[in-house]
Amino acid sequence: MGIYFDEVNKVFYLNTKETSYIMKVLDTGYITNLHYGKRIRNVNVKNLYQMKLRAFSPNPIPGDIQFSLDTLRQEYPQYGNSDMRIPAYQVQLEEGNTISDLKYLKHRIYKGKEKLEGLPATYVENENEATTLDIELYDDVIDLKVILTYTVFEDYNAITRSVKFVNEGIKDIKLLRALSMNVDFKDDDFDMLQLSGAWARERHIVRRPLTSGLQAIESRRGASSHQQNPFLCLMRKNADEYNGEVYGFSLVYSGNFAAYVEVDQFSTARVSMGINPFDFTWLLKSNESFQTPEVVMVYSDQGLNKMSEIYHKLYRERLCRGKFRDMVRPVLINNWEATYFKFNEKKLLDIAKEAAKLGIELFVLDDGWFGKRNCDDSSLGDWYVDKVKLPDGLEGLAKKVNETGLKFGLWFEPEMVSPDSDLYRKHPDWCLHVPNRSRSLGRNQLILDLSRDEVCEFIIKSVSDILNSANISYVKWDMNRHMTEISSELLPPERQKETAHRYVLGLYKVLEKITSSFPDVLFEGCSGGGGRFDPGMLYYMPQIWASDDTDAIERIKVQYGTSIVYPISTICSHLSAVPNHQIGRITPIKTRGNVAMSAEFGYELDLSKLNEEDKEEIKNQVKTYKEIRNIISFGDFYRLESPFDGNEAAWMFVTEDKREFIVFYFKVLVVPNAPDKYLKLRGINDDFNYMLIDNGEIYGGDELQNAGLYIPDIPGDFQSVMLRFKAVE
Ligand code: DGJ
C-alpha cells in the first residue's frame, strides 16, 4: 500500500518505490510537510517539525507565540491569518473580506484513482496500480470544504495532486485563486529549470539559481503556450542529467497557468502551481464545487534523465489513451510545406503516389481544403469541402489516396472563426469578444467561445460530419492564435473572469466527445507548432506537432527540451525541404532524417519534385524507420549531450531488455583539426557485448558506458550519425 497513516503521531506516509512524501496533522488542525524526497522508513517528528519565535511572523493560535503559519511548511497555504508568503488559494466572501482558515477534518485512503470531473488526468487500469488519499479540510465560519487529493503511483514513482472546493454554506464564495498544489521545502539550495521559448523555438531549456523573493512562469495567452510550458523543476546545484536531486512539477492543463517558487526570509522554497490567478475568479454558489487540474510530481535522486524517464513512462502509459497509445505510428507525408494553400486534387495525388513508392503510409491534407480558403484570411468555421479544389470531395480524394496504398488524414482548426466566413456572418456573437470594443485579430482570425454549449455542439457536429463523410484515419487539430478580449456574452458580470477556464473545459468536453466517437482515428495536437504541447492535450491526443520550425538544427533543441517531460511517442517531427522555409538554413538530407527519425516521423515537402538521389535516401530512411520505430517510440530515452551547451548534441534509445540500442550524434559546425570525440553511452548492460550493425564491430557494454564510443570526424557543417547496435552472444 503506497499510503499509510500513523494514527498515534498523525503522520501520513505517501511512499512510491523510491520516494517518500510525509506530512503531519498538528493538534491545531493545520497540516505540515515533514519530508519530500528519497524514501525513508519513518520520521522522528521532533526532529523534522520545528517552531520558534520569529519577529514579524504573527501567531494565529491564542497563547502560542512560537506558532506561525508564516514559518510552517504547509500543504495548502491560505491567505490572511499569519502566512505572508504566496498562498495556494484565496476566497472572497459576500461581505467582501478575503480571509479563510482551513483545518483538518478527516481523511480517506482508498485503492485506485478516481476521475477528475471534466478534466484530463493520469489514470489507472487496475485499482492496484495506485493508492489515493483525500484529506478533507474545513472552514466552519464560512462552511467551505476543501479536499486535497494525493495519488501515489508506487511503481511509476510519481505522486499526483489536485484540489476540490465545495461551498457547503448558504452564501456565495468567490475563488480568487485556486492552485493545484503547494510544496514547502526546508531550504532553497536549488536551481530552477523551465521550458521556455517562442513560436518556432519552443521548449528551450532555461536553468537559473533561486534567489530571494518570487520567481514565476506563467501563461496569460489562453493556451499553455509556446512561451512557457506548464512545467518546472527544482534541481540541487550539483545536479545534472545523471546526478543529484531533482523535483519535477508538471500541470495537466492546456490554458492559462502559473508556477511559482518563492524563497522566503528563512531561505525556504515554496513551489506552487495551477490555473493562473491572473484574470481568474470562480463563483461558488451554495452546494457548488470547483475541481482544480492535476499536478504530477516526480522526484529523482539520479538527475534529470531519471525524472524524464518517470514522466515518459507514466505519460505514455497512464495519461495518453486510446488504441494508438501502444501502437507504432504511420510514417506520414503532409502537404503543408509542399503546397501551402495552392493545390488541387491532381497535385495532392501526385505527392501521394510518390509517397507510396517510397514506403510512406499516411497522406495528410493540411490547411486549405474547406470553404474558400486560398490564404489564411477566410473560411475558418465553414467546414465543408472546397469543390473547386477537390471536385470529388473528401470522399473521392480519400478513396483515390487509399488506392495508392496510403491512409488519408485531414487538418482542422475547429476552435477558430474567420471574420470572412459564413459562420461569422451568421453568428457574430459566437467568438470571444467584449461588446462595443474592436475584436483583435491573430492570423486574421477570431476564437470561438467554447464556454458556450451551442458553440461546442457546433464544433462536435461539424468535425463529426466530416469524419463520417470520408475514410479519414488521422486528424491534425490545430489552434493558431492566442486569446484577446477574453469575455463571454452569455456569462453574467460576476462570472466574466471564468471565461478562460470555461473555454478550456469546453475544449476538453469537445475533445472527449470527438475522440471517443472516433476511436479508430489517430489524433495529433498542434497549435502553430508546439503552442499547446502539454499533458492536458496528451490525454486526448497521443501525439503533438512539436514546432512549426522544421529546420533540423533548431529541431534538435526543440526535441531535446521537449523530452525533459514528454515521451518520444508524443513528439512529431518531419523532414522538410531546403533551404528551410522558416529560417533558410541548408542542411544535409541525412541530418534532417536523423533528427526527424528521433521522434514520430514524417515528411513535409513536395516529393514529386525530388531528384532520384534524394528519393533513394528517403526510401532508405522510411525502411530504416520502420525497423526502429518501436525502439524510438517505446524504448528508454537517454540524453547524452545537450545542444544548449555547445556545438554538439547526442541522445540514444534502448530497448527494455537492453539488447538493442540506437545512438544519434549531431554536430552543428565543423571544427578544424577537432579533438577526438568519445561519447559515453547510458542505459545499456555492462555485461553484454554489442555489435555495431553497420560494420560488425563488437564492443563491451562496460566499455561503451565507461570509456565511451569513438565518433569519427565527419567533414562539413550540420552533420550527424545514427548508429544501431544489437547484443551478440
Ligand atoms: C500551423 C501548423 O503548425 C502548420 O503545421 C500548418 O498546419 C498550418 N498551421 C496551417 O495553417
Side-chain angles (χ1 to χ4, degrees), residues 197-203 221-227 254 332-343 347-348 351 362-383 386 389 408-418 420-421 441-448 463 466 472 474-482 522-534 537 541 543-552 554-555 558-559 562 570-577 580-583 592 595-596 599-606:
W199 174 80
R201 51 178 165 83
E202 295 90 338
R203 290 170 300 286
R221 296 171 167 271
S224 49
S225 87
H226 310 77
Q227 288 73 11
S254 311
L332 65 80
I333 170 76
N334 177 304
N335 77 310
W336 178 241
E337 287 196 20
T339 67
Y340 296 101
F341 296 103
K342 218 168 155 219
F343 59 81
K347 178 77 221 169
L348 300 179
I351 297 175
L362 165 71
F363 174 86
V364 178
L365 172 54
D366 210 281
D367 196 352
W369 57 266
F370 51 92
K372 298 190 183 72
R373 187 143 163 109
N374 295 313
C375 77
D376 64 15
D377 65 359
S378 88
S379 303
L380 291 168
D382 296 347
W383 299 111
D386 178 355
K389 286 181 187 165
F408 178 71
L410 195 61
W411 177 96
F412 286 94
E413 196 178 357
E415 298 158 67
M416 299 290 152
V417 62
S418 307
D420 179 9
S421 67
L441 296 176
R443 207 193 190 205
N444 302 306
Q445 62 202 48
L446 294 162
I447 304 188
L448 288 172
V463 175
I466 293 286
I472 297 170
Y474 158 107
V475 164
K476 177 175 172 189
W477 185 293
D478 205 348
M479 190 241 192
N480 280 305
R481 62 158 293 183
H482 289 150
L522 170 60
F523 285 83
E524 176 169 319
C526 175
S527 175
R532 214 163 45 181
F533 205 123
D534 61 61
M537 294 310 285
M541 307 184 176
Q543 58 185 53
I544 298 179
W545 179 227
S547 178
D548 270 349
D549 196 332
T550 55
D551 167 60
E554 170 55 28
R555 269 293 178 130
V558 171
Q559 289 171 210
T562 306
T570 66
I571 303 173
C572 298
S573 193
H574 299 169
L575 183 156
S576 64
N580 174 264
H581 291 195
Q582 292 77 40
I583 64 168
R592 280 177 278 149
V595 173
E600 296 307 317
F601 184 41
Y603 291 87
E604 193 163 327
L605 73 174
D606 190 347

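In listed order, ligands and their atoms are each counted from 1. As the structure is a computational prediction, the values presented were derived from the model and not from experiment. The figures here come from the full heavy-atom set of this structure, side chains too, leaving out hydrogens, waters and symmetry mates.
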Shortest non-hydrogen contact from D551 toward D549: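 In terms of heavy atoms, the two residues are closest at N-OD1, 2.9 Å.
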
Can you see which heavy atom on D377 is nearest to which on D420, and at what distance?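 For D377 versus D420, the nearest heavy atoms are O-CB, 3.8 Å.
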
Using a 4.0 Å cut-off to any heavy atom of [X], which atoms of ligand 1 qualify?
{"X": "G529", "value": "3 (O)"}
{"X": "C526", "value": "2 (C), 3 (O)"}
{"X": "W545", "value": "3 (O), 5 (O)"}

Please report which non-hydrogen protein atom sits nearest to [atom], along with the residue it belongs to and the distance in Å to one decimal place.
{"atom": "atom 4 (C) of ligand 1", "result": "D548 OD1, 3.4 Å"}
{"atom": "atom 7 (O) of ligand 1", "result": "D366 OD1, 2.6 Å"}
{"atom": "atom 11 (O) of ligand 1", "result": "D367 OD2, 2.7 Å"}

Below 3.5 Å, N or O to N or O, backbone or side chain included: is there any such pair between [X] and ligand 1?
{"X": "R443", "result": "yes"}
{"X": "R373", "result": "no"}
{"X": "D478", "result": "yes"}
{"X": "F341", "result": "no"}
{"X": "S527", "result": "no"}

Checking contacts here: is it the side chain or the backbone of [X] that comes within 4.0 Å of ligand 1, counting heavy atoms only? Could be both or neither.
{"X": "N480", "result": "side chain"}
{"X": "K476", "result": "side chain"}
{"X": "M479", "result": "neither"}

Reported CG-to-CG distance for the pair D386 and N374, which is rounded to 0.5 angstrom: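 The CG atom of N374 is 6.5 Å from CG of D386, to the nearest 0.5 Å.
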
For the residue pair F370 and W383, is the inter-centroid distance of their aromatic rings smaller than 6.0 Å?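 Yes: the rings meet the under 6.0 Å criterion.
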
Taking the ring centre of each residue, are Y474 and W411 less than 6.0 Å apart?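 That pair fails the under 6.0 Å test.
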
Side chains of M416 and L446: closer than 4.5 Å at any heavy-atom pair?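 SC-SC contact between M416 and L446 ruled out.
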
Check whether any side-chain heavy atom of R373 lies under 4.5 Å from a side-chain heavy atom of S418, and answer yes or no.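 The answer is yes; the side chains approach within 4.5 Å.
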
Can you tell whether the side chains of R443 and D367 come within less than 4.0 Å, N to carboxylate O?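 Counted as a salt bridge, because a side-chain N and a carboxylate O are separated by less than 4.0 Å.
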
Any carboxylate oxygen within less than 4.0 angstrom of a Lys/Arg side-chain nitrogen, looking at R532 and E415?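 Yes.
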
